[in-house]
Amino acid sequence: MTGSGGGVATLVAIGVAPPGGGGRVALHRWDGASVLSGPVAQVPVEAPTWLRWSAGGDLLVVASEVGAGRLVTLEVVDPPGSVPATAPTTAPAAAPRLRRVADVATGGSHPCHFAPTGDGAHVVVANYGDGVVSLLAVDGGAPTRLLDSVRLTGSGPVADRQEGSHPHHVAPAGDGTVSIVDLGSDRVRTFEVSGGRLHHVATTDLPAGTGPRHLVRAASSSAAFLTCELSGQVIRLAEETPGRFSVVATAAASSRLGHDDVAHVALDDARGLLHVSNRGPDTVSTFDVTGDGLRLVGEVDVPAHPRQFTVAGGHLLVGGLHGGAVSVHPLAADGRPGPGVVTSVEAPACVAVRPGRQGAGTDGERFRPSEG
């Protein structure tokens, strides 16, 4: 399969989560520039609000954000002859298939995020609905069974959102610990995974009512960055010891007026740039994070309710959940996203480009997404 510029197209997985219920995971072809195809394969998965490719690009693990939470593993079955050829071809590309190969309970309700531990032997899941953090074993790239769970406690001053603990994000660290961002209690809790169990290491209390959502660490320093859904802010942190953070700087996540339910974050470590998605303003902001501050240096319009975005092949791909579209933004030489090309896609909750297989690939270690 070829892209518009003669290169080989790659696959993009999109979790479609309509507001009325149901849902599916769909594969689209992307030419590595502006063109995103219609779906070439899809399977039903209820409320697929987070998904992650395996390192080899043959499996997709999906969080089904329902009351009795599930992680669903899908295998991508490539058609014969789909390995990129040495020369472009105009022959029609055969479609891949998706098939369900595993389905396991998370031990909690409404799982909204998960991430593998550094050794790949486990997956840690944030169950937003009931405050449960769960640890699952991984076999052959697929989560297979529940090993341990911890129910977090706490609350915050925003009565309708912080009546209890609501873990929203799992951020593994290079030392083998995992940090859990708890929107409901304004805390980041860090655990060590050992012996098939989650062992508490540290807790950081954040300013009341911030509603922390996603965390990303820098690779070469103690800096970390946190999006705050309830306060509409970005917080720069310093991780003084594993799992113990202090606030260094705070900034509004958007320059636009109105309420901002800040969502996703990704760090361009090499250029010292931080990208943040804003729901309400419906933008992606870019901050210069060189030095010790947070300086807004750009902001681009995206489809409504940008719950998540991904960076791949020198582009930013943004899913607008309420806008019914995915926008593809080229990154300039300085790393800032430009205006996007919009493709209609029903209710895209999450977007992930297949790694290391065909066409554009991903930007690898230069970007540190909040997927962990």
Centroid separation H110 to Y128 less than 6.0 Å: no
H329 side chain to G340 backbone, donor-acceptor under 3.5 Å: yes
Any side-chain heavy-atom pair of H275 and P337 under 4.5 Å: yes
Nearest atoms (heavy-atom pairs only) where P355 meets S54: CG-O, 3.4 Å
Geometric class of the H322/H305 ring pair [parallel <30°, tilted 30-60°, perpendicular >60°]: parallel
Separation between CG of D292 and CZ of R236, rounded to the nearest 0.5 Å: 5.5 Å
NZ/NE/NH1/NH2 to OD/OE distance under 4.0 Å, E346 and R24: yes
Side-chain (T204) to main-chain (G243) donor-acceptor, under 3.5 angstrom: yes
From CA spacing to verdict: side chain to side chain donor-acceptor pair (under 3.5 Å), T177, E192: CA-CA 4 Å; T177 60; E192 180 184 32; over 6 Å; no
Short N-O contact, D334 and R271, less than 4.0 angstrom: no
Full working for side chain to side chain donor-acceptor pair (under 3.5 Å) between S255 and E299: CA-CA 8 Å; S255 64; E299 190 164 4; 2.7 Å; yes
4.5 Å side-chain heavy-atom contact, V342 and V302: no
Short side-chain to backbone donor-acceptor contact, S64 and V66, under 3.5 Å: no
Side-chain donor/acceptor of S149 to backbone N/O of S134, under 3.5 Å: no
H214 side chain to V216 backbone, donor-acceptor under 3.5 Å: no
Basic-acidic side-chain contact under 4.0 Å: R161, E229: yes
For L98 against V43, the heavy-atom pair lying closest together: O-CG1, 3.4 Å
Exam field: side chain R279 to backbone D261, donor-acceptor pair closer than 3.5 Å: yes
pair V311-L331: side-chain heavy atoms closer than 4.5 Å: yes
Any donor-acceptor pair under 3.5 Å from N127 side chain to G129 backbone: no
SB check D182 R187 (cutoff 4.0 Å): no
R97 atom CZ, neighbour heavy-atom count above 12 within 6.0 Å: no
Check: L294 and V289 side chains under 4.5 Å, non-hydrogen atoms: yes
Donor-acceptor contact below 3.5 Å, side chain R336 vs main chain V297: yes
Heavy-atom pair of closest approach, residues G196 and D148: O-CB, 3.6 Å
Verify same cluster id: V188, V201 (apolar side-chain graph, 4.5 Å): no
Trace of the side chain to side chain donor-acceptor pair (under 3.5 Å) decision for S254 with D260: CA-CA 8 Å; S254 172; D260 182 3; 4.8 Å; no
Side-chain donor or acceptor of D58 paired with backbone N/O of G56 under 3.5 Å: no
Non-hydrogen atoms of G209 and L230 that approach each other most closely: O-CB, 3.4 Å
E239 with R244: basic N within carboxylate O range, under 4.0 Å: no
D186 vs P157 side-chain heavy atoms within contact, under 4.5 Å: yes
Side-chain heavy-atom pair T310, H264 within 4.5 angstrom cut-off: no
Short N-O contact, R295 and D288, less than 4.0 angstrom: yes
D103 side-chain N/O to V72 backbone N/O, donor-acceptor pair under 3.5 Å: no
W50 side chain reached by Q308 side chain, heavy atoms, under 4.5 Å: yes
4.5 Å side-chain heavy-atom contact, V16 and V25: no
Closest contact, heavy atoms only, T283 versus P306: O-CG, 4.0 Å
